[in-house]
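Down below is the structure, laid out as structure tokens.
Basis for what follows: all heavy atoms, side chains included, without hydrogens, waters or symmetry-related copies.
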Amino acid sequence: MSTLSNTRTSGATAARLAAGTVALGVATLGYAVGIERRRWTLRTAELPVLAPGSRPFTILHVSDLHMLPGHHSKQRWVAALDELNPDLVVNTGDNLSHRTAVPAVLRALGPLLDRPGVFVFGSNDYYAPKPKNPARYLMPRGKKKRIHGVQLPWRDLRAAFVEHGWTDLTHVRRTIDVGGQPVFAAGVDDPHLRRDRYTDIAGPADSGAAVRLGVTHSPEPRVLDTFATDGYDLVLAGHTHGGQLRLPGYGAIVTNCDLDRSRARGASRWGAHMWLHVSAGLGTSPWAPARFACPPEASLLTLVPRGSGSNEPHKSAPRKARDSVR
């Protein structure tokens, strides 16, 4: 009799554990989809990358908006970033997720378009996202078949950015005046689509600039290495979404590129001289609208002269808000 009782007790315990696991999974998914993906976050960091004697200035790094026309909260929050008074705006691509989203992107970035800005595009500026098996992100890149959605109106978006005075850095080298200081900047088209042609911008970066800035959508190591070889001080990138789903104590599960997981978001050193900053971005694919332990973010970077204080980036706690940066 006792054996039968113990069996029933064990079965009931297993059933409760299974029910609890399912409930936890449902709650986690509900949080990731319903709450965290709208938990807009501003991250700040101080990077020692300027030439000695240069005046510090700020860069607002915006990436991976993945905008849909109905993303009104995101549009309001991004527009309010203008209150931060950045000296330069850098947009590292993947602005669009829909053929009619260009007006929504311009509403979001509207006030910032009146400031000095540079940009490159990513895959989801050229093509709309399509539903994919999530397991494919865990596969080696060589085994993945490229899946493109419909073409997006990237030319319209580019024309609007350029009309407002932003510089398209796609395979271009430019010296930009930022607060009276020369910033040498260069960029490549999206390495994730293998559209990058670094040979078009190859050569030593201007040693007389206050800072030498590289811009790319996907932070592929082969591209980062070439920027470092040419003497760039800082490269800004997006694409990874910070991993999008992160495990506490482990970090990003994948980066969706050849970058190692430890660099999926934030600032890190790349070689002896160069810094890399990867934005976790502000959006997701509409087919995978979830974030966990990785809220959507923009970054305000304060650039200071090399040798001023620590050689490690100074980071402050993220600031979170729904419709305001205040």
Side-chain angles (χ1 to χ4, degrees), residues 24-43 45 61-68 71 73-74 77-78 91-98 101 105 108 121-125 127-141 144 146-149 190-193 216-221 236-268 276-299 318 320 322:
L24 179 60
V26 170
T28 300
L29 181 62
Y31 168 79
V33 173
I35 298 177
E36 181 156 323
R37 74 183 178 98
R38 296 186 181 91
R39 193 159 61 94
W40 318 118
T41 300
L42 177 69
R43 289 190 177 273
H61 184 186
V62 178
S63 195
D64 297 87
L65 289 168
H66 290 283
M67 190 71 75
L68 293 174
H71 285 170
S73 174
K74 185 191 300 183
W77 191 84
V78 173
N91 182 316
T92 48
D94 271 11
N95 296 276
L96 303 171
S97 275
H98 194 274
V105 172
F121 282 154
S123 59
N124 285 149
D125 292 303
Y127 303 102
K130 291 192 71 173
K132 301 169 186 174
N133 182 348
R136 73 187 303 273
Y137 289 102
L138 303 176
M139 296 169 55
R141 295 189 71 200
K144 297 179 186 178
R146 189 76 65 192
I147 301 174
H148 292 315
D190 188 10
H192 184 64
L193 295 179
T216 178
H217 176 64
S218 179
E220 297 292 348
L236 302 186
H239 177 70
T240 66
H241 295 190
Q244 191 164 324
L245 304 177
R246 298 173 67 95
L247 298 179
Y250 182 80
I253 301 172
V254 295
T255 64
N256 197 26
C257 64
D258 288 337
L259 189 72
D260 56 284
R261 294 185 306 101
S262 66
R263 303 173 191 267
R265 70 178 180 189
S268 60
L276 168 67
H277 184 267
V278 179
S279 170
L282 282 156
T284 66
S285 165
W287 303 106
R291 281 181 175 259
F292 186 77
C294 189
E297 66 180 44
S299 300
K320 299 164 186 173
R322 287 202 174 266

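- The NE2 atom of His241 sits 13.5 Å away from atom CZ of Arg246, with the distance rounded to the nearest 0.5 Å.
- For the pair Trp40 and Pro296, the tightest heavy-atom approach, listed with the atom from each and the gap, is CE3-CG, 3.5 Å.
- For the atom pair CZ (Arg265) and OG (Ser299), the distance works out to 10.0 Å, reported to the nearest 0.5 Å.
- Atom CG of Leu96 and atom CG of Leu68 lie 10.0 Å apart (nearest 0.5 Å).
- With hydrogens and angles disregarded, a donor-acceptor distance shorter than 3.5 Å links the side chain of Gln244 to the backbone of Ala288.
- Gly149 and Tyr127 make their closest contact through O-CD2, 3.7 Å (heavy atoms, listed as atom of the first residue, atom of the second, distance).
- One distance of note links CG of Asp258 with OG of Ser218; it measures 8.0 Å at 0.5 Å rounding.
- Once rounded to the nearest 0.5 Å, the distance linking OG of Ser123 with CG of Asp190 reads 5.0 Å.
- Annotation for His66 and Lys74: closest pair O-NZ, 3.8 Å, computed over non-hydrogen atoms.
- Scanning both residues, Ala264 and Thr240, for their nearest heavy atoms gives O-OG1, 2.6 Å.
- Between Glu36 and Pro295 there is a side-chain heavy-atom pair separated by less than 4.5 Å.
- For Thr92, the side chain to side chain contact (heavy atoms under 4.5 Å, CB included) test picks out His61, Ser63, Val90, Val215, Leu236, with sequence neighbours left out.
- Here the closest heavy-atom approach between residue Gly243 and residue Ala252 is recorded as CA-CB, 3.8 Å.
- Leu259 and Pro221 get closest at one heavy-atom pair: N-CD, 3.9 Å.
- Among Thr41, Asn95, Val62, the one residue that satisfies the side chain to side chain contact (heavy atoms under 4.5 Å, CB included) test with Leu282 is Val62.
- For Arg263, the salt bridge (Lys or Arg N to Asp or Glu O under 4.0 Å) test picks out Asp260, with sequence neighbours left out.
- Taking CG of Asn124 as the reference point, atom CE of Met67 lies at 13.5 Å (rounded to 0.5 Å).
- With sequence neighbours excluded, the residues that form a ring-ring contact (aromatic ring centres under 6.0 Å, His included) with His239 are His192, His217.
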